Amino acid sequence: VIIVKEQRSADVYRHDGKFCRIAVTTKVLRANPWLVKISAKVYVNMLYFHVPVNRPTELELNESVRSELLRLLPEKRFKKLVTPSRALGSNLNEFWGILKTLDETKLDEEFNLV
């Protein structure tokens with residue numbers, strides 16, 4: 001659901017409330033159209049998010065996934081992770097613009113979870 005990219009790896013917060021670390025490059029993350037970079041280090045899987053109609057620069061997470069993640073993360077950290085930066089908020093608009101053209105086979109792509 002949320003991927004925080006570090007130098008040679010990434011911390012992954014999964015939809016089931018579990019945390020893992022993966023070895024992945026920025027190039028691999030950017031190649032998956034379902035992952036949107038919303039801040040300097042954070043990518044989100046848009047399958048789990050929606051944007052409120054009145055607030056196009058905010059993300060809301062599916063409630064059941066949100067409650068699972070809040071068991072792992074303090075509320076303040078969670079909010080920071082899912083809040084798009086001003087500079088990268090435009091990535092959300094780009095995603096919504098290409099949504100209907102996305103390759104659905106990428107949905108099954110898995111990363112090597114450690």
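The residues of the chain are indexed from 1 along the displayed sequence. Quick caveat, the model's predicted, so the values are computed rather than measured.
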Chemist: So, Asn91 side chain and Lys37 main chain: donor-acceptor pair closer than 3.5 Å or not?
Modeler: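 Flag set: sc Asn91 to bb Lys37 pair under 3.5 Å.
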Chemist: Mind checking the CG-NZ spacing from Leu70 to Lys79? Nearest 0.5 Å is all I need.
Modeler: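 With rounding to 0.5 Å, CG (Leu70) is 11.0 Å from NZ (Lys79).
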Chemist: What heavy-atom pair brings Leu92 and Pro84 nearest, and what distance separates the two atoms?
Modeler: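 For Leu92 versus Pro84, the nearest heavy atoms are CD1-CG, 3.7 Å.
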Chemist: Can you get from Trp96 to Trp34 by hopping between Ile, Leu, Val, Met, Phe, Trp and Tyr side chains that sit under 4.5 Å apart?
Modeler: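 Result: yes, single cluster for both.
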Chemist: Would a hydrophobic clustering, with Ile, Leu, Val, Met, Phe, Trp and Tyr connected at side-chain separations under 4.5 Å, put Leu88 with Leu29?
Modeler: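 As far as the 4.5 Å side-chain criterion goes, Leu29 and Leu88 are not connected within one cluster.
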Chemist: Run Tyr48 and His15 through side chain to side chain contact (heavy atoms under 4.5 Å, CB included) and show every step you take.
Modeler: CA-CA 8 Å; Tyr48 298 96; His15 72 285; 3.6 Å; yes
Chemist: Closest approach of Ser85 and Ser39, non-hydrogen atoms and distance?
Modeler: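 Shortest heavy-atom contact: OG-CA, 4.0 Å.
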Chemist: Below 4.5 Å, heavy atoms only, C-beta onward: do Val44 and Phe95 meet side chain to side chain?
Modeler: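 Contact flag for Val44/Phe95 side chains = no.
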Chemist: Would you check if Phe78 and Leu69 make a side-chain contact, meaning some heavy-atom pair closer than 4.5 Å?
Modeler: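 Yes, close enough: below the 4.5 Å cut-off.
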Chemist: Does a side-chain heavy-atom distance below 4.5 Å link Leu59 with Met46?
Modeler: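 Counting from C-beta outward, Leu59 and Met46 do come under 4.5 Å.
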Chemist: With rounding to the nearest 0.5 angstrom, report the CD to NZ distance, Gln7 to Lys41.
Modeler: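 Separation between the atoms: 9.5 Å.
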Chemist: Donor-acceptor pair, distance only, cut-off 3.5 Å: does the side chain of Ser67 make one with the backbone of Ser64?
Modeler: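 Checked: pair present.
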Chemist: Mind checking the NZ-CG spacing from Lys80 to Leu73? Nearest 0.5 Å is all I need.
Modeler: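 Output value for this atom pair is 12.5 Å.
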Chemist: Counting distance only, does the side-chain N/O of Lys5 pair as donor-acceptor with the main-chain N or O of Val24 below 3.5 Å?
Modeler: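 Here the side-chain-to-backbone pair exists.
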Chemist: Atom CD1 of Ile2 and atom CG of Asn45: how far apart are they, to the nearest 0.5 Å?
Modeler: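 The CG atom of Asn45 is 10.5 Å from CD1 of Ile2, to the nearest 0.5 Å.
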Chemist: Identify the two heavy atoms, one from Ala87 and one from Ser90, that lie closest to each other, and give their separation to 0.1 Å.
Modeler: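 So the minimum-distance heavy-atom pair works out to O-OG, 3.9 Å.
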Chemist: Which residue is it: Asn32, Thr26, Val1? I am looking for the one with a side chain to side chain contact (heavy atoms under 4.5 Å, CB included) to Tyr43.
Modeler: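 So, applying the side chain to side chain contact (heavy atoms under 4.5 Å, CB included) to Tyr43 and each of Asn32, Thr26, Val1, only Thr26 qualifies.
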Chemist: Does any part of the side chain of Asp11, heavy atoms only, come nearer than 4.5 Å to the side chain of Glu6, both counted from C-beta?
Modeler: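 Glu6 reaches Asp11 side chain to side chain.
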Chemist: Using 0.5 Å steps for rounding, measure from the CG atom of Leu72 to the CG atom of Asp16.
Modeler: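 Nearest 0.5 Å value for the CG-CG distance: 9.0 Å.
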Chemist: Assess the residue pair Arg66 and Glu75 against the criterion (salt bridge (charged side-chain N to carboxylate O under 4.0 Å, His left out)); give the C-alpha distance rounded to whole Å, side-chain angles, the decisive distance to 0.1 Å, and a yes or no.
Modeler: CA-CA 10 Å; Arg66 183 180 194 281; Glu75 176 86 32; 3.1 Å; yes
Chemist: How long is the gap from CG on Leu81 to OH on Tyr13, to the nearest 0.5 Å?
Modeler: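 Between atom CG of Leu81 and atom OH of Tyr13 there are 6.0 Å.
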